[in-house]
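Both backbone and side-chain heavy atoms feed into the values below; hydrogens, waters and symmetry mates do not. Residue numbering restarts at 1 for every chain, and letters A, B, ... go by the order of the sequence lines.
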Amino acid sequence: MQLASWNVNSIKKRLGLVQCLLKKSNLDVLLLQELKCTTDSFPFLEIESMGYNVRVHGEKSYNGVACISKHAIEDVRTSLIFGDTQARYMECLVIKNEKAFRIINVYVPNGGSIDSKNSLYKIKFFDALQERVHDAMEYDEPLIVAGDYNVALYDIDVYSPARLTDSVCFHISMRRKARELFGLGMRDAFRLLHANERTFSWWDYRASAWRSNRGMRIDNILLSPLAVDMLDKAYIETFWRNESEPSDHVPIFCKLH
DNA sequence: ATGTCGACGGAGCGTCGA
């Protein structure tokens, strides 16, 4: 099971790059975030014609998540918080060779600034996610929870811990909240295999952050114990940030046997 | 803190969100 996750910051702008990734990487599953399109306006034909199944949970202008899979996609659910209108969640089963994987795709709210109402929504999202992951871990399938967490978890995951203490994507309250998933037994695939590697998954478009490598690792693939037992590889392809008209995020990968 | 993006409304560029 070769899986990748990518915040594309508009699927319309990044369709060519996504097709390029699908062609060059032998992915079973690709999870996308920040589609910035409605479900109806997603480029289904362009992806499906490459031999993939596609499920989309979209929204006008903002957010939006999708699951792209070579294999059957079943039991899709897109509701995490009752009454929430923002398209940030998709859970499904992917069946490869009669083996089921439970896959959760998240686009965690950015949170604006740390003392804003939006940051309360971010906390609420994490609480709901934790509750759902707690329940989903009870099933027999290996569980993968991947996407844009909008939080870097540890000092090694950012270019400058000191400069980012007040950032909503590195604030200690948000890091603690996200780390509660570890308390349930989930593990960070990348960090399991690269204890000391400082590789980022996002760089601000502004202030030549990419050129200076001022980035953060805010995209994660978390694995349940059953999935950890199958983990072979975890890596980040930073070179996608060098493409013309890149997303501000790059895709992250893991391979389970 | 913000020098950049992308979508939108409406048709030029300001606003929102990140």
Side-chain angles (χ1 to χ4, degrees), chain A residues 5-21 31-44 46 56-66 80-81 84-89 105-126 129 146-153 157-175 177-178 200-220 236 238-252:
Chain A
S5 169
W6 197 0
N7 177 322
V8 290
N9 187 19
S10 167
I11 185 58
K12 286 192 186 101
K13 283 279 177 185
R14 242 59 74 183
L15 177 60
L17 289 181
V18 167
Q19 289 178 307
C20 189
L21 172 66
L31 305 176
L32 301 178
Q33 303 89 35
E34 228 181 335
L35 305 173
K36 290 186 169 176
C37 72
T38 60
T39 300
D40 287 346
S41 61
F42 185 91
F44 284 97
E46 289 82 347
V56 174
H57 179 39
E59 177 190 345
K60 190 175 180 181
S61 301
Y62 305 116
N63 312 316
V65 289
L80 180 65
I81 300 171
D84 193 357
T85 58
Q86 300 193 21
R88 298 178 172 276
Y89 184 86
N105 181 6
V106 289
Y107 177 41
V108 176
N110 175 290
S113 63
I114 196 63
D115 49 5
S116 69
K117 194 177 169 192
N118 238 353
S119 76
L120 297 179
Y121 173 48
K122 185 172 188 171
I123 296 282
K124 191 174 171 185
F125 190 95
F126 271 121
L129 180 62
D148 178 359
Y149 282 75
N150 261 315
V151 171
L153 295 164
D157 297 316
V158 302
Y159 72 97
S160 170
R163 286 173 68 169
L164 290 165
T165 47
D166 295 330
S167 159
V168 74
C169 294
F170 193 62
H171 194 271
I172 188 62
S173 63
M174 293 299 175
R175 285 148 67 193
K177 184 49 70 177
F200 306 133
S201 66
W202 171 87
W203 299 260
D204 201 315
Y205 281 122
R206 293 167 292 190
S208 51
W210 165 242
R211 198 156 39 90
S212 320
N213 197 28
R214 287 193 290 266
M216 305 171 77
R217 195 171 68 90
I218 55 176
D219 300 88
N220 287 302
I236 304 173
T238 57
F239 59 80
W240 294 94
R241 194 63 171 74
N242 270 331
E243 294 286 333
S244 70
E245 299 197 310
S247 170
D248 45 355
H249 297 250
V250 293
I252 61 173

Please pick, from [options], the nucleotide with the shortest atom-to-atom distance to any side-chain atom of [X].
| X | options | value |
| --- | --- | --- |
| Arg206(A) | dC8(B), dA18(B), dA7(B) | dA18(B) |
| Glu34(A) | dT2(B), dA7(B), dA18(B) | dA18(B) |
| Tyr159(A) | dA1(B), dA7(B), dG6(B) | dA1(B) |

Within this structure, what is the [atom1]-to-[atom2] distance between [X] and [N], rounded to whole angstrom?
| X | N | atom1 | atom2 | value |
| --- | --- | --- | --- | --- |
| Asn7(A) | dG17(B) | CG | P | 17 Å |
| Asn9(A) | dG17(B) | CG | C1' | 10 Å |
| Tyr205(A) | dC16(B) | OH | P | 21 Å |
| Tyr62(A) | dA18(B) | OH | P | 8 Å |
| His249(A) | dA18(B) | NE2 | P | 11 Å |
| Trp202(A) | dG6(B) | CH2 | P | 15 Å |
| Phe42(A) | dA7(B) | CZ | P | 14 Å |
| Glu59(A) | dA7(B) | CD | C1' | 12 Å |

Revision key, fill the gap. Walking DNA chain B from its 5' end, the first of Glu245(A) and Pro109(A) to be reached, judged by nearest nucleotide, is Glu245(A)
Study note, to complete from the structure: Closest to the 5' end of DNA chain B, once Ile11(A) and Ala207(A) are matched to their nearest nucleotides, is Ala207(A)
Output yes when at least one side-chain N/O atom of [X] is less than 4.0 Å from OP1 or OP2 of [N], else no.
| X | N | answer |
| --- | --- | --- |
| Arg88(A) | dA18(B) | yes |
| Asn118(A) | dA18(B) | yes |
| Arg14(A) | dG6(B) | yes |
| Lys122(A) | dG17(B) | no |

If you measure from the [atom1] atom in [N] to the same atom in [M], how many Å do you get, rounded?
| N | M | atom1 | value |
| --- | --- | --- | --- |
| dG10(B) | dT15(B) | P | 15 Å |
| dC13(B) | dA1(B) | C1' | 24 Å |
| dG12(B) | dA7(B) | C1' | 15 Å |

Practice item. Please name the pair of heavy atoms, one in Gly147(A) and one in Asn105(A), separated by the smallest distance, quoted to 0.1 Å. Key: CA-OD1, 4.4 Å
Review point. Would you say the side-chain atoms of Lys177(A) pair up with the backbone N or O of Lys122(A), donor to acceptor, closer than 3.5 Å?
Key: no
Study note, to complete from the structure: When Gln33(A), Arg88(A), Glu34(A) are each screened for side-chain hydrogen bond (donor to acceptor under 3.5 Å, both in side chains) with Asn63(A), the one that passes is Arg88(A)
Point to revise | Qualifying residue, where the test is side-chain hydrogen bond (donor to acceptor under 3.5 Å, both in side chains) with Asp248(A) and the options are Trp202(A), Trp203(A), Trp210(A) | key: Trp202(A)
Practice item. Determine whether the side chains of His171(A) and Ser173(A) contain a donor N or O and an acceptor N or O closer than 3.5 Å. Key: yes
